[in-house]
Structures are given as structure tokens and as C-alpha cells.
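The figures here come from the full heavy-atom set of this structure, side chains too, leaving out hydrogens, waters and symmetry mates. Both counts, for ligands and for their atoms, begin at 1 and track the order of listing. Since the model is a prediction, treat every value here as computed from it, not as a measurement.
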Amino acid sequence: MGTASDIKLIGDDGLRLDGRGLDELRPIKMEINVLNRADGSSYIEWGGNKIMVAVYGPREAYPKHNQDINKAFVRARYNMAAFSVDERKRPGPDRRSQEISKVLSEALESAIMTELFPRTQIDVFIEVLQADAGTRIAGLTASSIAVAAAGIPMRDLVVGCTAGKAGGKVVLDLSKDEDNFGEADLPIAVLARSKKIVLMQMDGDMTLEEIDQAHSMIFSATDRIYQIQREALESKYTVDASQWGE
Ligand code: CDP
């Protein structure tokens with residue numbers, strides 16, 4: 001979290017720098033099956049984030065010591081393109097991308113019926129083309145529909161959102177300025193229907209009451225984002241029965 005106290009994140013009108021209300025999401029668009037060679041794929045735009053996801057598998061796990069005789073091994077790889085951020089990002093894995101890859105793998109694994117595919121691996125490549133705060137959650141939300149598009153059985157979709165504190169207020173879906181200069185950042189992802197938490201991280205300081213408020217903002221936002229996920233899936237898989245006549 002930054003310390004630039006001279007940046008006023010909430011205006012006198014109660015609105016945020018980008019004009020949003022405190023519990024307003026940035027615009028979100030998702031699409032599936034955007035890559036021909038992947039088993040499943042998706043593309044998401046969430047605010048200024050632009051992220052592509054490609055899913056391969058289940059396929060035989062390699063090297064063999066990764067094979068689990070009871071279940072599939074889920075390996076998400078989060079990567080930021082060198083041109084995705086203001087200051088060129090050095091290509092290749094770093095501590096941040098390794099941490100994000102790990103928490104995203106675990107979150108996805110809790111939704112996938114891995115027990116149906118012993119000794120296999122499921123690879124989920126998350127390529128951040130343009131980053132604008134909230135990339136781990138946007139990447140995870142997009143990954144979940146890419147896994148579904150690959151035809152891999154899932155218990156539920158994974159859907160997430162970030163909330164936090166900026167300019168002394170609890171706000172939903174932090175912008176880049178709020179992420180940099182705000183007081184706290186709390187990304188959460190859940191199984192869409194049961195609301196079981198599968199990812200929760202926090203950076204900064206909030207009181208217990210503020211965390212409660214952030215949780216309820218996130219839970220109601222995930223219902224809206226889940227609808228967008230379903231629409232993205234249904235728009236490719238819905239058959240227009242009218243073509244067969246009455
Ligand atoms: O993206 P997310 O909020 O999940 O993770 P973060 O580590 O809190 O990063 C917040 C934002 O900082 C990213 O979304 C990027 O916009 C930016 N960032 C950057 O400019 N350069 C980096 N090497 C890493 C992050």
C-alpha cells in the first residue's frame with residue numbers, strides 16, 4: 001500500500017476518482033473458446049485488465065512423480081506480459097507470480113472434480129496482457145469458465161472480487177490508484193453457489209467491522225459476476241431450438 005496521503009481517493013461528492021460509487025464494480029466482459037488449440041479458453045476484460053486463459057487436459061501428468069493415483073493435479077500458471085504494466089515487467093516467473101499461481105491452483109482445484117481423472121494434470125495458463133489491479137481475481141474468474149469450456153466436470157464455478165479500504169471508506173473492486181494508495185486490499189474468491197471461500201488474501205489494515213462490510217460487498221458482487229460467467233458459457237452452448245421448428 002502506498003503512502004501518498006495527498007491523493008484524495010474519495011471526492012467531496014462521495015464518489016471515487018473514476019466516478020464510481022463505493023460498491024460499484026468496473027465494467028466486466030467475458031468470452032469463452034477464443035483460442036483454437038486449447039481444450040478450453042477464455043478472455044476477460046475487467047476495468048482495464050485484459051487477460052487470456054488457456055486450459056489443457058486432463059492429460060497424463062509429467063514428470064511422472066507429479067502423478068497422483070487418486071486425482072488430477074491442477075497447475076495454474078499466472079504470467080504478466082512485459083508490456084502489461086507501466087514499468088516494463090521483467091519476463092519470467094518471480095515471487096509474486098509464483099505465489100499467485102499457487103493460490104489460483106488451489107482455488108481451482110477445490111471446484112474441479114479431480115477425483116475423476118487420476119494420474120493426470122490440468123494446466124491453466126493465465127496470461128495478463130494488460131494489468132489494472134485485481135488481476136489475480138479476474139484471472140481466476142476467467143479460468144473457471146475456461147475449465148468449464150474444456151468440458152472438465154466441476155462442482156461449481158469459482159468467482160471472485162476484491163474489496164478494500166481507500167480514502168477511509170470500504171470500497172468494492174479497487175482501481176489501480178486505490179490499490180496503490182489505499183489502506184487495504186482484500187481479494188476473495190468463492191464457489192459461486194455455496195459461497196464457500198476458496199481464496200482469501202489481505203494486504204493492509206482494516207477493522208473487523210470493515211472486513212465484515214467488505215465481505216458482504218464482495219458476496220453480493222460475486223452473484224452479479226457469476227451471472228456474467230453463466231451468460232458467457234450459455235451464449236456459446238445454448239442451442240436455438242427454433243431452428244427445428246415446432
Ligand atoms: O493484480 P492484483 O491486484 O491481483 O495483484 P497486486 O500484487 O495487488 O497488484 C496490483 C496491481 O499492481 C496489478 O494489477 C498491476 O496493475 C500492478 N503491478 C505492476 O504495475 N507491476 C508489477 N510488477 C506488479 C503489479
Side-chain angles (χ1 to χ4, degrees), residues 1-4 7 9 16-18 20 22-30 42-53 76-108 124-146 158-167 169-190 197-206 210-211 214-215 217-218 221-222 225 228-229:
M1 296 288 117
T3 52
I7 293 195
L9 294 170
R16 298 151 74 178
L17 285 180
D18 57 10
R20 281 186 291 154
L22 301 181
D23 69 348
E24 208 175 311
L25 286 167
R26 294 175 289 179
I28 303 176
K29 278 199 305 201
M30 298 181 218
S42 67
Y43 175 66
I44 186 167
E45 289 185 6
W46 181 327
N49 293 308
K50 296 185 179 188
I51 303 172
M52 196 77 102
V53 180
R77 198 202 64 173
Y78 168 100
N79 182 54
M80 272 183 147
F83 52 81
S84 65
V85 288
D86 288 334
E87 275 183 39
R88 178 179 181 276
K89 183 198 166 284
R90 205 162 155 249
D94 53 19
R95 285 176 63 94
R96 176 177 173 276
S97 61
Q98 283 175 19
E99 171 215 312
I100 297 179
S101 297
K102 176 175 188 290
V103 293
L104 299 194
S105 299
E106 288 168 359
L108 284 171
V124 182
F125 295 95
I126 300 156
E127 297 291 332
V128 180
L129 306 176
Q130 185 171 290
D132 188 35
T135 57
R136 78 193 62 204
I137 287 296
L140 178 57
T141 300
S143 296
S144 148
I145 57 170
V158 178
V159 55
C161 194
T162 297
K165 191 175 168 189
K169 301 275 187 200
V170 177
V171 293
L172 183 70
D173 187 18
L174 299 187
S175 69
K176 181 81 169 57
D177 287 334
E178 291 164 347
D179 188 300
N180 283 356
F181 305 116
E183 296 94 276
D185 176 9
L186 174 69
I188 291 186
V190 296
I197 293 179
V198 293
L199 179 151
M200 181 159 85
Q201 300 187 285
M202 186 166 149
D203 185 11
D205 291 314
M206 284 200 280
E210 287 165 346
I211 292 176
H215 273 184
M217 275 185 178
I218 290 172
T222 56
I225 302 162
I228 305 172
Q229 288 178 307

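Within the 3.5 Å criterion, the main-chain N or O of Ala131 finds no donor-acceptor partner in the side chain of Ser84. For the pair Arg16 (side chain) and Leu22 (backbone), a donor-acceptor distance under 3.5 Å is present. Remark: side-chain polar atoms of Gln98 are not paired, donor with acceptor, to backbone N or O of Pro93 under 3.5 angstrom.
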Next on the checklist: Glu106 vs Lys102, test: side-chain contact (heavy atoms from CB on, under 4.5 Å). Steps then yes/no.
Outcome noted: CA-CA 6 Å; Glu106 288 168 359; Lys102 176 175 188 290; 2.8 Å; yes

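For ligand 1, residues of the protein lying within 4.0 angstrom by heavy-atom distance are Met80, Val85, Arg96, Ala131, Asp132, Ala133, Gly134, Thr135, Arg136, Lys176, Asp179, Asp185.
Partners of Arg77 by salt bridge (Lys or Arg N to Asp or Glu O under 4.0 Å), not counting sequence neighbours, listed by chain and number: Glu127.
Counting all heavy atoms, side chain and backbone alike, Val53 lies closest to Ala142 at CG2-CB, 3.8 Å.
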